[in-house]
Amino acid sequence: MAEAAAETFGFQTEAKQLLKLMIHSLYSNREIFLRELISNASDAIDKRRFESLSNAAATMPETPRIRIQADKEAKTLTISDDGIGMTRDEVIANLGTIARSGTAEFLDNLTGDQKQDAALIGQFGVGFYSAFIVADRVAVVTRGAAGDASRWESAGEDEFTIEAAERAEQGTDVILYLRDDALEFAEDYRLRHVVTRYSDHIAVSVEMPAVSPTTDDTDDTEVADDSAGETETSWEAVNSAKALWTRSRSDIKDEEYQEFYKHLSHDFDDALAWSHNRVEGKLEYTSLLYLPKRAPFDLWNREAPKGLKLYVQRVFIMDEAEQFLPLYLRFIKGIVDSNDLPLNVSRELLQEDDRVTTIKNALTKRALTMIGKLAKDDPEAYTAFIEDFGDVLKEGVGEDFANREDIARLLRFYSTRADGDTKDASLETYVERMIEGQESIYYLTAESLTNAKSSPHLEVFRERGIEVLLLTDRIDEWMMGSLTEFDGKPMQDIMRGDLSLPGDPEEKEDSGEGADDALTERIKGVLGDQVEAVRPSKRLKDSPACLVLSDMAMGAQMRRIMEASGQALPESKPIFEYNPDHALLERLAEESDEDRFGELLRILFDQAALADGTVPKDTGAYVQRLNRLLLELLNQ
Ligand code: ADP
Ligand code: MG
């Protein structure tokens with residue numbers, strides 16, 4: 001053995017936290033550790049195969065294997081692979097730190113509630129550290145393409161050690177010193193069960209020592225065990241060792257698709273849906289796309305991993321190939337296996353390749369079809385899906401012109417029709433529910449659902465029984481900038497412009513307007529250049545006044561976003577609409593004291609902003625006016 005003493009290192013703080021959490025939260029599903037370790041072994045073999053394609057000095061065994069061997073007496077379980085292995089530095093980097101971006105953020109999200117945290121950690125991906133669920137000590141003996149072997153060892157607490165070691169060939173052994181309560185994982189039948197359950201789809205052969213036909217299955221026969229140890233172990237494959245996507249759809253069970261999904265995505269949960277297709281003809285490729293159930297914690301992190309796993313003629317080429325799906329579908333997991341791309345394809349080459357563009361366009365359509373199918377087949381699951389991924393899909397409306405209408409069809413909104421507070425109105429159902437004579441799709445944007453529901457702008461719509469979509473997400477106003485129509489029907493923001501509604505009387509230029517004109521002029525005199533215009537409203541029923549945006553003006557939501565990002569925006573003035581039939585305005589029109597008229601009108605003006613969830617410009621002045629009014633009231 002090596003003379004150099006073992007060197008001790010501390011785990012990175014994040015790694016430590018994650019380790020602790022893992023050991024405590026994943027107790028009910030311990031067997032997944034084996035899936036993670038086999039998954040790593042299979043990844044390592046993929047990497048070595050890829051390396052051997054591009055590097056003449058790199059070697060690759062003809063039939064690389066993953067071997068699993070338990071030793072009941074020593075209470076160990078060893079997972080060995082002929083993969084790429086690791087150099088000393090790589091071991092320290094890969095097993096001592098967590099390089100993934102957003103880890104700190106993820107840890108901040110933990111609640112301390114075991115159940116919830118267990119679900120969260122599933123989203124994060126448990127990986128190598130899951131070994132500590134069943135082992136109180138883990139050793140990794142590994143040898144990379146160059147240099148000597150090293151042995152990493154840790155009891156999963158604060159530190160690990162590294163020392164020089166011996167290993168005949170390139171590859172890795174992960175040795176688990178099983179906890180006393182996890183000795184079931186030294187049992188042959190138990191291991192076989194777990195391997196077939198979780199790792200059947202792995203393209204590499206996973207082998208275990210052959211069970212000798214003479215050995216009784218009720219295996220307390222120590223004699224048989226001993227003699228088996230002395231002869232050369234003969235191995236047999238436990239899995240089918242065929243890449244799942246190369247098999248025909250009808251031969252693959254749902255559970256197999258689900259296990260493959262977990263291998264790919266590091267997700268703990270099942271996938272919500274998948275789409276597996278083989279395309280033949282000018283371009284030949286196979287794709288398998290999955291919809292996750294829940295958003296990963298880093299969905300909004302720009303550096304988060306995204307993209308598909310790329311294979312060329314069944315050889316693994318790269319993870320996170322982003323060129324095969326648009327950004328707004330970044331939550332889709334899966335693989336694409338091309339027969340046409342060269343084996344030495346690089347990320348840069350992918351960027352420029354026409355074949356990649358063709359595949360991307362086709363996969364985008366497949367993904368949208370898969371989402372649409374889920375919406376149709378399982379509306380309840382779809383509602384949950386939209387909660388998590390709806391905002392990402394909305395990016396597509398602005399970014400993917402070719403598929404705009406198809407994406408819009410997938411969106412769901414709050415609506416004045418819905419009983420509950422769920423986003424379940426689609427544009428299609430909206431169009432079906434349009435009333436006689438209605439030509440536009442009406443919507444309102446607001447900061448929150450509460451704000452939206454109490455908006456004075458909805459009054460006339462409620463009265464006429466016209467549905468309005470309530471858009472409350474930050475991205476909505478931006479998105480609506482691109483979504484000007486659906487199914488040939490124009491989209492109309494009800495806070496903008498001059499409304500004309502189905503059922504409006506033909507131009508009501510009646511004689512009553514004269515009185516309104518006088519009031520309008522008086523109001524203009526008070527508000528002056530704070531407003532673009534003043535006019536009697538067709539929108540209002542119960543409220544005295546509201547603010548309307550001119551057609552070209554930027555909405556309040558966009559304004560807030562742009563201002564928050566530090567942009568200086570030109571001032572935009574609202575249109576002040578008043579309700580001449582409202583008691584407040586009727587009385588106000590009778591007020592002969594101009595000062596008092598102005599004072600009261602300014603309160604109405606500020607309140608019109610408040611009703612839409614917008615803070616008046618001079619809140620101090622507003623409060624003072626209101627206080628003067630209250631005092632007057634009390635003095636009466
Ligand atoms: P992930 O597989 O998601 O990258 P893991 O925690 O499972 O995360 O593994 C961490 C890293 O350790 C891997 O990315 C890989 O670099 C390295 N690793 C783990 N197991 C092996 C192995 N059997 N052979 C080579 N490298 C490995
Ligand atoms: Mg892993």
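All ligand and atom numbering here is 1-based and tracks the order in the structure. On a predicted model such as this, the values are computed, not experimentally measured, just so you know. Position 1 is the first residue of the sequence, and the numbers go up from there.
Neither the backbone nor the side chain of T142 comes within contact range of ligand 1; no heavy atom lies under 4.0 Å. The side chain of H266, and not its backbone, has at least one atom closer than 4.0 Å to an atom of ligand 1 (non-hydrogen atoms only; side chain from C-beta on).
Checking D319, D43, N94 against atom 11 (C) of ligand 1, the nearest heavy atom belongs to N94.
At under 3.5 Å, a nitrogen or oxygen of N40, whether backbone or side chain, sits near a nitrogen or oxygen of ligand 1.
Side-chain atoms of Y285 and N339 include no donor-acceptor pair closer than 3.5 Å. No side-chain donor-acceptor contact under 3.5 Å links R67 and T78. Counting only N and O atoms by type, the side chains of S42 and N40 include no donor and acceptor under 3.5 Å apart. Side-chain atoms of N55 and E51 include a donor-acceptor pair closer than 3.5 Å.
Between Y257 and Y290, the two ring planes are perpendicular [angle over 60°; tilted spans 30° to 60°].
By the neighbour-count criterion of 12 heavy atoms within 6.0 Å, atom NZ of K75 is sparsely surrounded, having that number or fewer from other residues, nucleotides or ligands. Within a 6.0 Å radius of CD in E284, other residues, nucleotides and ligands contribute more than 12 heavy atoms.
Tally of protein N, O or S atoms closer to the Mg ion (ligand 2) than 2.8 Å: 1.
The shortest separation from a heavy atom of M86 to ligand 1 is under 4.0 Å, placing the residue in contact.
Close contacts of ligand 1 with G127, meaning ligand atoms under 4.0 Å from a residue heavy atom, involve 5 (P), 6 (O), 7 (O). The L95 neighbourhood of ligand 1 comprises atoms 12 (O), with distances under 4.0 Å to a heavy atom of that residue.
A side-chain hydrogen bond (donor to acceptor under 3.5 Å, both in side chains) with R48 is found for exactly one of D82, D81, T59, namely T59.
Sorted by first and then second residue, the ring pair (Phe, Tyr, Trp, His ring centres under 6.0 Å) pairs with a member in residues 151-170 read F9-F160, F11-F160, F128-W152, W152-F160; sequence neighbours excluded.
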